[in-house]
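Below is one structure; the comments refer to it alone.
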Protein chains: 2
Amino acid sequence: MTTQAESPAQPRIPLSRERVLRAAVSLADEGGIGAVSMRKVGNELGVEAMSLYNHVANKEEMLDGMVDIVVGEIDLAVDDVDWKSTMRSRMMSARQILVQHKWAAAVLETRTNMTPPMIKYMDSFIGIFREGGFSSGLTHHAMHALGSRVLGFTQEMFDDSEALEANPEVKAMMLQQMKDQYPNISAMLVDISHEDGGETVGDGCDDDVEFVFAVDLILDGLERLRDAE
Amino acid sequence: MTTQAESPAQPRIPLSRERVLRAAVSLADEGGIGAVSMRKVGNELGVEAMSLYNHVANKEEMLDGMVDIVVGEIDLAVDDVDWKSTMRSRMMSARQILVQHKWAAAVLETRTNMTPPMIKYMDSFIGIFREGGFSSGLTHHAMHALGSRVLGFTQEMFDDSEALEANPEVKAMMLQQMKDQYPNISAMLVDISHEDGGETVGDGCDDDVEFVFAVDLILDGLERLRDAE
DNA sequence: ACCTGAACACCGTTCAAGT
DNA sequence: ACCTGAACACCGTTCAAGT
């Protein structure tokens, strides 16, 4: 049944979280997310489905890990001549990776957990705007406007981080811990809570406001192009 | 087992596609899309799961029907003072409905079939831009730029309609049939195929081009806002 | 014409038992 | 410490059989 059967001298490679996730990603790359079941991933590794539970908590957590691998492939090193071309390159890198893993965009949108690779990506993303001279408020809007375009996670991740921030005691600790690892996220959150006294951000951002902001941004731009034609 | 058991005089209401879809939508509204299985929908209607197959081809087609119901709820009648506020209202109506059916946005993104309610929505959408004096090319860009924001279907639907259009023999027939029912879609497709000789649109639109267009539109708008601050 | 019982080939997940 | 057999409670779907 296993592919290792005819090589008894070769000790089987031990399972690991890494191996499980890589097997799952390669199954999804080949056959779409529908080709990923605990049983099939186990089979790919020459192991029963139940063995996977020693390395991932459950399927949901396995999907988190798969997305982390994909997000980790996005090149964060690009540093172009100005903020605009840097951001443009960043978006292209992200898109390129998501095109390589066609299943990932849909899965990404179902994730609600913030994982370190996701937070790292977001911090880098925010950093580009900050270095471009954007205020924290406008950076926040920018993330919502661009968010659903490449990585559909922006709303949810912000909701989570802001839910935590809403508790003032947790807030101080969180910010302290985050400051080193995620300087841009921290700076933005601090700025914004000072700017509006937590009104917009404290109890989760107002999705309606963000939606209208993005729509108006696009409509204004379209109008300009029409008039220029 | 059924809720009708204690009322033998009352003849059971006969099943119908309509009743099946409404039951499925209400299950999804209450418990999310995970609460929708053939067995549970059957149970909701006091019927076995297998009976549903007399009214929907399979689960996939049931999901199509559920989405149609939701899309059909979007108010297409708004006609504001100009194209911009009309489009703004349209986007708000769509968003409002999708917020009411929280499961629908994700399901919408997995649909690949063009259904009449979807085409009707698209035609109305295009009509707003056309009446606002937009060229067909810019209208096409606009749909891509706004598409993923409210209804994530734009890309796929366009790919389909353009795939059909790529066959010149089918094209003439299709356009003739569509002209009455969907005047705006037809007009746009005709214009675009004349404008660029089918280069951009004939063999499916260039997703990369559309992606860059949308990103640049947003980045330019953000820059303007930053400088105005 | 419409509904169902029985069956098939799948799922995710648990837990005690093996090594 | 890690892997597995057996089992549970689910899936979507079919088809011949009932009414």
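Each chain gets a letter, A, B and so on, in the order the sequences are listed, and its residues count up from 1.
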- Checking all strands, does Met38(A) fall into the base, sugar-phosphate, or nothing category for heavy-atom contacts under 4.0 angstrom? sugar-phosphate

- Query: Rounded to whole angstroms, how far apart are CG on Leu52(B) and C1' on dG12(D)?
  - Reply: 11 Å

- Whole-Å distance between dG5(D) C1' and Tyr53(A) OH? 15 Å

- May I ask you to check whether Thr115(A) and Asp68(A) show a side-chain donor-acceptor distance below 3.5 Å? yes

- Note on the structure: Of the candidates dT13(C), dC3(C), dC3(D), the side chain of Asn54(B) sits closest to dC3(C)

- Message: Output the rounded distance in Å from CZ (Arg39(A)) to C1' (dT13(C)).
- Response: 9 Å

- Tell which nucleotide pairs with dC8(C), taking only Watson-Crick or G-U wobble pairs whose two distances are both under 3.5 angstrom. dG12(D)

- Query: For Asn58(A) and dC11(C), what is the distance between atoms CG and P respectively, to the nearest whole Å?
  - Reply: 17 Å

- Task: Please work out whether the ring planes of Tyr121(A) and Phe125(A) are parallel, tilted or perpendicular, with thresholds of 30° and 60°.
- Result: tilted

- Query: Which nucleotide sits closest to the side chain of Glu48(A): dC3(D), dT14(D), dT4(D)?
  - Reply: dT4(D)

- Task: Choose from dT13(D), dG5(D), dC11(C) the nucleotide whose nearest atom is closest to any side-chain atom of Met50(A).
- Result: dG5(D)

- Item | Counterpart base for dA17(C), defined by Watson-Crick or G-U wobble contacts under 3.5 Å | none

- Message: Using a heavy-atom cut-off of 4.0 Å across all strands, would you classify Ser51(A) as base, sugar-phosphate, or nothing?
- Response: base

- Task: Would you mind reading off the distance between Asn43(B) atom CG and dT4(C) atom P, rounded to a whole angstrom?
- Result: 12 Å

- Find which nucleotide of DNA chain C each of Lys40(A) and Ala57(A) is nearest to by heavy atoms, and output the residue with the more 5' nucleotide. Lys40(A)

- Query: Given that Gly34(B) and His55(A) both sit by DNA chain D, which one's nearest nucleotide is further toward the 5' end?
  - Reply: His55(A)

- Write down the partner of dC3(D) under the Watson-Crick or G-U wobble criteria, each distance required to be under 3.5 Å. none

- Item | Integer-rounded Å distance: dC11(C) P and Lys59(B) NZ | 15 Å

- Message: If I take atom CG from residue Leu52(B) and atom CE from residue Met62(B), how far apart are they, to the nearest 0.5 angstrom?
- Response: 7.0 Å

- Among Val107(B), Leu108(B), Val36(B), whose side-chain contact (heavy atoms from CB on, under 4.5 Å) with Met66(B) holds? Val36(B)

- Query: Is there a side-chain contact (heavy atoms from CB on, under 4.5 Å) between Val78(B) and Arg90(B) once you walk through the steps?
  - Reply: CA-CA 7 Å; Val78(B) 195; Arg90(B) 166 63 49 81; 5.7 Å; no

